[in-house]
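The structure under discussion appears below in the form of structure tokens.
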Amino acid sequence: MKFAGYLASALFLFSVNAFGQDVSKAAEAYNRGLQLQDAGDADNAVRAYDLAIAANPKMADAYNNRANIKLARGDADGALADFSKVVEITPRHPLGYYNRGNIYLEKGDYDRAITDFSKAIELFSGLTQLYDKMAHGMSYNNRGNGLSAKGDWKTALSDYDRALEILPGSYEALTSRGAAKQQLEDYAGAVGDYTKALEIVPKNTLILMNRASALTEIDRKAAIADYTRVIELQPKNADAYALRGTIHLSLGRKADALADLQKAVQLDPTLKLEYEKYFREALRK
């Protein structure tokens, strides 16, 4: 989740003031880039931002918006370089740290991600604009995700709590906190968070799968109902069939288990080896 775009107009004014006669050239190219980006002409928008940066190498907004286009194209390394320039030029603005942290998180560089989100959290504190509040809350959430990836579930849990204090309606933070609780074997707490998230996005199959996984530990029949709902929404979800099959088997419903396992392997033959022992048990008389 990225909060970037055109949020830094104050930075734009700051970044061009020192460049005399190049100010108008940079501003003209930058504004053309905005228009082209809004129109969906990414190629020419990048060219316009290139010109703006050439005229004013300290125009943070141009780097920021060019980074967003690169990110949308899958050029994470290019976007990372541009967001790093934003941080270099405007080290007291949180947005560059937030966006760069997201890239580090996606690349699996969790320590750098955590460092950037921590800096963003510090700088977002006290800002009152809606997009600042949203990015502040998501900085806690995403730092929690970095901590979770490192196995530090307890510290991550406190970050998710803080994210939800700022953004009480965030299904992302509810889902993240539910996953942390599940890892800490608080299955009822995990189910509670997943349920709240599903009240916001009731057809989110990932959250349904997560809740089913937690329910498997405390209420297997309810877990079956969640996997069934996933299958209704995604009839080709092989994992949902396979996992529902294992629960049927644990409840002694061998015929139902076998039907689900066979359907799972039909949809995804690679699952056959993984679930071979369940097949054997389902076929045992």
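When a residue number appears, it is its place in the shown sequence, counting from 1. These values consider heavy atoms only, across backbone and side chains, with no hydrogens, waters or symmetry-generated copies. It should be emphasised that the depicted structure is a prediction, and the values quoted were computed from it without experimental measurement.
For the atom pair NZ (Lys58) and OG1 (Thr90), the distance works out to 10.5 Å, reported to the nearest 0.5 Å. Taking OH of Tyr227 as the start and CG of Asp239 as the end, the distance is 9.0 Å to the nearest 0.5 Å. Distance check: Leu243 CG to Ile224 CD1 gives 11.5 Å after rounding to the nearest 0.5 Å. Within the model, atoms CH2 of Trp153 and CD of Glu185 stand 12.5 Å from one another, a figure rounded to the nearest 0.5 Å. For the atom pair Tyr63 OH and Ile89 CD1, the distance stands at 5.0 Å (nearest 0.5 Å). Taken to the nearest 0.5 Å, the CG atom of Asn99 stands 6.0 Å off from the CG atom of Asn68.
Pairing each heavy atom of Ala212 with each of Ala223, the nearest pair is O-CB, 3.4 Å. Between Gly178 and Ala190, the shortest heavy-atom distance links the atoms O-CB, 3.2 Å. Closest approach of Ala240 and Val230 over heavy atoms only: CB-CG1, 3.8 Å. Residues Ala79 and Ala67 share a closest heavy-atom pair of CB-O, 3.5 Å. A pairwise comparison of heavy atoms in Ala52 and Met59 identifies CB-SD, 3.9 Å as the closest pair. Scanning both residues, Ala156 and Ser148, for their nearest heavy atoms gives CB-OG, 3.3 Å.
Taking 4.5 Å as the limit, some side-chain heavy atom of Leu157 sits within range of a side-chain heavy atom of Arg177. The shortest distance between side-chain heavy atoms of Val87 and Asp116 does not fall below 4.5 Å. Contact check for His136 versus Leu167: no side-chain heavy atoms found under the 4.5 Å cut-off. Between Tyr30 and Ile53 the shortest side-chain heavy-atom distance does not fall below 4.5 Å. Side chains of Gln262 and Gln266 form no contact here, defined as non-hydrogen atoms less than 4.5 Å apart. Contact check for Asp82 versus Val86: no side-chain heavy atoms found under the 4.5 Å cut-off. Residues Arg143 and Met138 form no side-chain contact, since every pair of their non-hydrogen atoms from C-beta on lies 4.5 Å or further apart.
Every residue meeting the side chain to side chain contact (heavy atoms under 4.5 Å, CB included) condition with Arg112, not counting sequence neighbours, appears here in chain and number order: Tyr104, Asp109. In terms of the side chain to side chain contact (heavy atoms under 4.5 Å, CB included) criterion, residue partners of Ala264 (sequence neighbours excluded) are, by chain and number, Tyr241, Ala242, Leu271. In this view, Thr216 satisfies the side-chain hydrogen bond (donor to acceptor under 3.5 Å, both in side chains) rule with no residue, not counting sequence neighbours. Residues forming a side-chain hydrogen bond (donor to acceptor under 3.5 Å, both in side chains) with Lys150 (at least two apart in sequence, or on another chain): Asp111. Under the rule for a side-chain hydrogen bond (donor to acceptor under 3.5 Å, both in side chains), the partners of Glu88 that lie at least two apart in sequence or sit in another chain are Lys85. Residues forming a side chain to side chain contact (heavy atoms under 4.5 Å, CB included) with Leu127 (at least two apart in sequence, or on another chain): Pro94, Phe124, Asp132. Looking at residues two or more places apart in sequence or on another chain, you find a side chain to side chain contact (heavy atoms under 4.5 Å, CB included) between Asn145 and Leu105, Asn141, Asn142, Tyr160, Ser176.
A salt bridge is defined here as a Lys NZ or Arg NE, NH1 or NH2 lying under 4.0 Å from an Asp or Glu carboxylate O, and Glu122 with Lys119 meets this definition. Using a cutoff of 4.0 Å between basic side-chain nitrogens and carboxylate oxygens, Arg280 and Glu276 are scored as salt-bridged. Checked for salt-bridge contact, Glu199 and Lys196 miss the test: no charged N lies under 4.0 Å from a carboxylate O.
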Pair Glu165-Arg162, side chain to side chain contact (heavy atoms under 4.5 Å, CB included): steps then yes or no: CA-CA 5 Å; Glu165 288 174 12; Arg162 186 70 182 99; 3.1 Å; yes
Leu80 and Arg100: CA distance, side-chain angles, deciding distance, side chain to side chain contact (heavy atoms under 4.5 Å, CB included) verdict: CA-CA 6 Å; Leu80 184 63; Arg100 189 173 69 176; 3.4 Å; yes
Intermediate values then yes/no, salt bridge (charged side-chain N to carboxylate O under 4.0 Å, His left out), Glu232 and Arg229: CA-CA 5 Å; Glu232 290 171 355; Arg229 179 59 178 151; 3.2 Å; yes
Check against salt bridge (charged side-chain N to carboxylate O under 4.0 Å, His left out), Lys70 and Asp77: CA-CA 9 Å; Lys70 290 179 178 179; Asp77 289 335; over 6 Å; no
Worked verdict on Leu174 versus Ile200 for side chain to side chain contact (heavy atoms under 4.5 Å, CB included): CA-CA 10 Å; Leu174 285 164; Ile200 302 166; 4.0 Å; yes
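In the hydrophobic clustering of this structure, Ile231 does not group with Ile247; members are Ile, Leu, Val, Met, Phe, Trp, Tyr whose side-chain heavy atoms approach within less than 4.5 Å, directly or through other members. Linking ILVMFWY residues whenever their side-chain heavy atoms come closer than 4.5 Å, directly or via other members, leaves Leu71 and Tyr97 in distinct clusters. Following chains of ILVMFWY side-chain contacts shorter than 4.5 Å, one cannot reach Leu164 starting from Tyr140, and the two form parts of different hydrophobic clusters. Leu206 and Leu233 fall into different hydrophobic clusters, defined by Ile, Leu, Val, Met, Phe, Trp and Tyr side-chain heavy atoms under 4.5 Å apart, directly or through other members. Linking ILVMFWY residues whenever their side-chain heavy atoms come closer than 4.5 Å, directly or via other members, places Leu249 and Leu258 in the same cluster.
Residue pairs meeting the salt bridge (charged side-chain N to carboxylate O under 4.0 Å, His left out) criterion with at least one partner in residues 41-55, sequence neighbours excluded, are Asp43-Arg73, Asp50-Arg66. Among residue pairs with one or both ends in residues 251-264, those qualifying as salt bridge (charged side-chain N to carboxylate O under 4.0 Å, His left out) are Arg244-Asp260; sequence neighbours excluded. The ring pair (Phe, Tyr, Trp, His ring centres under 6.0 Å) analysis of residues 265-285, with sequence neighbours excluded, yields the pairs Tyr275-Tyr278.
Side-chain N/O atoms of Tyr194 and Gln182 include a donor and acceptor closer than 3.5 Å.
Arg211 pairs with exactly one of Asp193, Asn204, Thr175, Thr195 by the side chain to side chain donor-acceptor pair (under 3.5 Å) rule, that one being Thr195.
Side-chain heavy-atom separations under 4.5 angstrom define the hydrophobic clusters, and Leu51 shares its cluster with no other residue. Cluster partners of Leu215 are Tyr187, Val191, Ile218, counting Ile, Leu, Val, Met, Phe, Trp and Tyr whose side-chain heavy atoms approach within less than 4.5 Å, directly or via other members.
Using modelled atom types, no side-chain atom of Ser213 and backbone atom of Met209 make a donor-acceptor pair closer than 3.5 Å.
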